Amino acid sequence: LRETKDLTDKRQQQAKTLAAEQQQKQEEIDNLTKELAILQPGTAKYDADTHDLLTDRIGYDAWSKETQIALERQEKADIKHIFGEIHDAVTQIAQQKGLNVVIADETVQIPDKLDQIDLPTLEQLIGRQTVLYSDGTMDINGDVTTLLDQNYLNQQQSGTPGAPGAPGPTPAPTPAPAPGAAPGTP
């Protein structure tokens with residue numbers, strides 16, 4: 001999906017920016033630590049610099065935790081937003097194709113060499129297999145991906161991208177033909 005690629009690129013850029021900011025903050029703490037090492041303990045300057053160092057370390061720890069929480073919160077909102085868009089697109093495509101149920105096929109690869117995994121892991125892998133057979137004729141993954149990418153491009157071109165956690169509107173689905181109706185007739 002184009003949107004997930006863009007979000008990944010955005011997160012990577014944020015990570016670079018935050019790493020640079022983190023390095024700068026750490027260098028400031030390191031410089032204060034070096035300055036403190038050459039001062040005479042018990043002097044007013046030593047006591048003031050010790051206080052500044054403690055304050056900077058606490059500030060750094062708080063900034064680090066706050067930044068991590070904010071990033072996790074944003075990532076959760078982005079994931080929820082994308083899941084909502086996927087759900088809407090699956091619903092739209094399923095209605096267009098006249099499908100009553102859509103099953104997520106979580107195909108699990110079981111290693112050929114069973115000595116590489118333990119018994120509980122093998123049981124978990126087999127238990128996660130939700131579809132035992134499919135010939136692929138009813139697979140709508142490509143249609144859903146195409147619709148999601150098109151909706152995302154339309155949002156980008158109109159300058160109104162959907163807000164994380166609040167999927168944008170999707171076009172009304174085309175009704176499926178009535179059972180037994182000729183193609184192209186309702």
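Since the structure is predicted, the reported quantities are computational estimates derived from the model, not experimental observations. What you see below is based on every heavy atom in this structure, not just the backbone, and it leaves out hydrogens, waters and symmetry mates.
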Over all atoms of both residues, closest heavy-atom pair of Val108 and Arg128
CG2-CB, 4.0 Å
Side chain to side chain donor-acceptor pair (under 3.5 Å) evaluation trace for Thr121 with Asp118
CA-CA 5 Å; Thr121 302; Asp118 59 17; 2.5 Å; yes
Determine whether the side chains of Gln92 and Asp88 contain a donor N or O and an acceptor N or O closer than 3.5 Å.
no
Compare every heavy atom of Gln40 with every heavy atom of Tyr46, then report the nearest pair and how far apart it is.
CB-O, 3.2 Å
Tell me whether Trp63 is reachable from Leu53 by hopping between hydrophobic residues (I, L, V, M, F, W, Y) whose side-chain heavy atoms are closer than 4.5 Å.
yes
Do Asn151 and Gln155 have side-chain atoms, one donor and one acceptor, less than 3.5 Å apart?
no
Asp115, CG: over 12 other non-hydrogen atoms inside 6.0 angstrom:
no
Test salt bridge (charged side-chain N to carboxylate O under 4.0 Å, His left out) applied to Asp149 - qualifying residues, sequence neighbours left out:
none
Does the side chain of Glu3 reach to within under 4.5 Å of the side chain of Leu148, using non-hydrogen atoms?
no
Lys34 side, atom NZ; Leu39 side, atom CG - distance, nearest 0.5 Å:
14.5 Å
Looking at Ile103, I'd like to know if its CD1 atom is crowded, meaning that more than 12 non-hydrogen atoms belonging to other residues, nucleotides or ligands lie closer than 6.0 Å.
no
Taken to the nearest 0.5 Å, the spacing of Thr4 OG1 from Asp78 CG works out to 11.0 Å
Supply the atom-to-atom distance Thr17 OG1 to Gln12 CD, rounded to the nearest 0.5 angstrom.
12.0 Å
Kindly determine whether Ile93 and Leu99 satisfy side-chain contact (heavy atoms from CB on, under 4.5 Å), including the steps that lead there.
CA-CA 8 Å; Ile93 297 295; Leu99 303 176; 5.9 Å; no
Using 0.5 Å steps for rounding, measure from the NZ atom of Lys76 to the CZ atom of Arg73.
8.5 Å
Once rounded to the nearest 0.5 Å, what's the spacing between atom NZ of Lys10 and atom CD of Gln74?
5.0 Å
Is Ile38 linked to Leu36 within one hydrophobic cluster, defined over Ile, Leu, Val, Met, Phe, Trp and Tyr using a side-chain heavy-atom separation of less than 4.5 Å?
no
Under 4.5 Å between side-chain heavy atoms, hopping through other hydrophobics if needed: is there a path connecting Val131 to Val101?
yes
Could you tell me whether Asp49 and Lys45 have a side-chain N and a carboxylate O separated by less than 4.0 Å?
yes
Which residue is it: Thr8, Leu1, Leu7, Asp9? I am looking for the one with a side chain to side chain contact (heavy atoms under 4.5 Å, CB included) to Lys5.
Asp9
Mind listing the closest non-hydrogen atom pair of Thr130 and Ala104 along with its distance?
OG1-O, 3.0 Å
Leu122 vs Pro111 side-chain heavy atoms within contact, under 4.5 Å
no
Carefully, step by step, assess Glu28 and Tyr60 under the rule side-chain contact (heavy atoms from CB on, under 4.5 Å).
CA-CA 10 Å; Glu28 290 171 6; Tyr60 174 79; over 6 Å; no
If I take atom CD from residue Glu75 and atom CD1 from residue Ile79, how far apart are they, to the nearest 0.5 angstrom?
5.0 Å
Starting from the C-alpha separation in whole Å, work towards a yes-or-no answer on side-chain contact (heavy atoms from CB on, under 4.5 Å) for Leu71 and Arg11.
CA-CA 9 Å; Leu71 289 173; Arg11 281 196 196 102; over 6 Å; no
Just checking, any donor-acceptor pair under 3.5 angstrom between side chains of Tyr152 and Glu85?
no
Could you go through the side chain to side chain donor-acceptor pair (under 3.5 Å) check for Glu35 and Asn31 one step at a time?
CA-CA 6 Å; Glu35 289 175 16; Asn31 289 340; over 6 Å; no
Please check if any side-chain donor atom of Glu27 sits under 3.5 Å from a side-chain acceptor atom of Gln23, or the reverse.
yes
Lys97 and Val102: side-chain contact (heavy atoms from CB on, under 4.5 Å), yes or no, with the steps?
CA-CA 11 Å; Lys97 293 185 176 279; Val102 175; over 6 Å; no
When you look at Glu72 and Gln68, which way does the side chain to side chain donor-acceptor pair (under 3.5 Å) test go after all the steps?
CA-CA 6 Å; Glu72 286 177 9; Gln68 184 63 34; 3.0 Å; yes
